[in-house]
Amino acid sequence: MLNIMKKIVLVCLLVFCSLSAFSQQKVTVFAAASMTNVLQEMAGAYQNSGADSKIVFSFASSSVLARQIAEGAPADIFISANLKWADFLQQKGNIIPDSRKIIAGNKLVMIAPESAGALRFDLNRAQWLEYLGKNFLAVGDPEHVPAGLYAKAALTTLDLWNKVEGQLARAANVRAALTLVERGEAPLGIVYATDAVASDKVQVVGIFPDGTYDAVEYPAAIVTEHDSQAARDFMRFLVSDNGKAILQKYGFSVE
């Protein structure tokens, strides 16, 4: 009789666990590569707070993700590294306008491998071009990657774009540009300040002056036809005090 009762209890526990797992909602977030580390920590904190939802990510260039969503990719939330690709989806009716929020800001910096020794450049001047020589400058592809678009704007403002355009190592996203510098495959690169903070293999050798490029802002929005309570709850967490504290921990600016 005791063995039968144990079996009944075990079956009930298995059924309960199965039902709990089945009832847990999944929220799929398509997000800019520069937010990889911070969003992973935010998702962990959110789930540890007792949330029923499981947060899963797809990280890539904002441009790639926006085009995937426009083609029907099953994302619930989109987080871009610039306004352009959020505007692109909004104009196509792919995101819900009233869900859209700016969740963070960033800065543009120049980096070099940590192994290069102490370096520092005034980016208002062209001295770093002498250091670059005939080597390649690692950047997100300025044709579509937000970090590359910001870099092109800054270099154009500083009247340096035409001097370096032919020496770009055009990466698929900003983290790929970071990796090129980490490996020493490029002596210099342009990334976000938060990417530099996330790596112990690079150093910041210059900060692009404010006003040489548009403010780096990260809009987040719920994807049309994927509106749900679970998606709304995670969006609220992104702009909550706890969410802002994590963003600041990783070097992002918040309002």
Side-chain angles (χ1 to χ4, degrees), residues 29-48 55-65 77-82 85 102-121 123 136-142 145-151 154 169-208 210 213 215-220 234 237-239 242-255:
V29 181
F30 278 27
S34 54
M35 300 207 86
T36 300
N37 303 76
V38 67
L39 283 177
Q40 287 173 337
E41 179 162 335
M42 291 178 83
Y46 178 67
Q47 289 166 339
N48 289 338
I55 310 299
V56 297
F57 295 103
S58 177
F59 294 107
S61 168
S62 303
S63 57
V64 170
L65 297 173
I77 293 172
F78 175 58
I79 304 177
S80 175
N82 68 357
W85 291 108
I102 301 296
I103 64 169
N106 215 332
K107 295 287 186 181
L108 201 65
V109 301
M110 183 172 286
I111 58 170
E114 185 66 34
S115 59
L119 292 171
R120 191 69 182 181
F121 300 116
L123 298 184
F136 285 91
L137 174 69
V139 296
D141 190 335
V145 176
L149 293 168
Y150 291 124
R170 298 170 181 250
N173 57 64
V174 70
R175 285 301 175 94
L178 175 71
T179 298
L180 289 174
V181 179
E182 286 179 326
R183 293 176 177 171
E185 296 175 23
L188 295 173
I190 300 175
V191 299
Y192 299 121
T194 53
D195 297 305
V197 170
S199 174
D200 60 3
K201 297 178 181 178
V202 303
Q203 59 178 310
V204 174
V205 297
I207 301 173
F208 284 92
D210 290 341
Y213 59 97
V216 180
E217 296 179 310
Y218 290 79
F234 188 59
F237 182 80
L238 293 176
V239 294
N242 287 339
K244 289 179 179 179
I246 297 171
L247 284 163
Q248 290 176 312
K249 172 185 171 182
Y250 281 83
F252 291 90
S253 59
V254 299
E255 292 184 357

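Note that these values count all heavy atoms, side chains included, but never hydrogens, waters or copies made by symmetry. Residue numbers count from 1 along this sequence.
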Over all atoms of both residues, closest heavy-atom pair of Gly206 and Leu123
C-CD1, 3.6 Å

Looking only at atom types and distance, does a side-chain atom of Ser61 sit under 3.5 Å from a main-chain N or O of Val145, one as donor and one as acceptor?
no

Value rounded to 0.5 Å, distance of CE in Met35 from OG1 in Thr194
7.5 Å

Minimum heavy-atom separation for Ala220 to Ile103, with atom names?
CB-CG2, 4.0 Å

What are the two closest heavy atoms between Phe57 and Ala43, and how far apart are they?
CE1-CB, 3.6 Å

What are the two closest non-hydrogen atoms of Asn37 and Ala198, and how far apart are they?
OD1-CB, 4.2 Å

Suppose we screen for side chain to side chain donor-acceptor pair (under 3.5 Å). Which residues come up paired with Tyr218, at least two apart in sequence or across chains?
Ser34, Asn106

Spacing of Arg175 atom CZ and Asp195 atom CG [to the nearest 0.5 Å]
4.5 Å

Could you give the distance from CD1 (Ile55) to CD1 (Ile77), rounded to the nearest 0.5 Å?
6.5 Å

Leu39 side chain reached by Leu238 side chain, heavy atoms, under 4.5 Å
yes

Pairwise distance NZ(Lys107) to OH(Tyr150) - rounded to 0.5 angstrom
11.5 Å

List the atom pairs, donor and acceptor, that lie under 3.5 Å between side-chain atoms in residues 181-193 and the rest of the protein, sequence neighbours left out.
{"residue": "Glu182", "atom": "OE2", "partner": "Ser199", "partner atom": "OG", "Å": "2.5"}
{"residue": "Tyr192", "atom": "OH", "partner": "Ala147", "partner atom": "N", "Å": "3.1"}

Which heavy atom of Ile246 sits nearest to which heavy atom of Ala45, and what is that distance?
CD1-CB, 3.8 Å

Any donor-acceptor N/O pair, Gln203 side chain to Gly117 backbone, under 3.5 Å:
yes

Thr36 side, atom OG1; Glu41 side, atom CD - distance, nearest 0.5 Å
13.5 Å

Aromatic rings Tyr46 and Phe237: how do their planes relate, parallel, tilted or perpendicular, breaks at 30° and 60°?
tilted

What distance do Leu119 atom CG and Ile111 atom CD1 have between them, rounded to the nearest 0.5 Å?
12.0 Å

Nearest heavy-atom contact between Ser80 and Ala32 is C-CB, 4.2 Å

Are any non-hydrogen side-chain atoms of Met110 and Phe208 less than 4.5 angstrom apart?
yes

Within the distance-only criterion (no hydrogens, no angle test), does the side chain of Tyr213 pair as donor or acceptor with the backbone N or O of Leu108 below 3.5 angstrom?
yes

Taking the six-membered ring for Trp, is the centroid-to-centroid distance between Phe252 and Tyr250 below 6.0 Å?
no

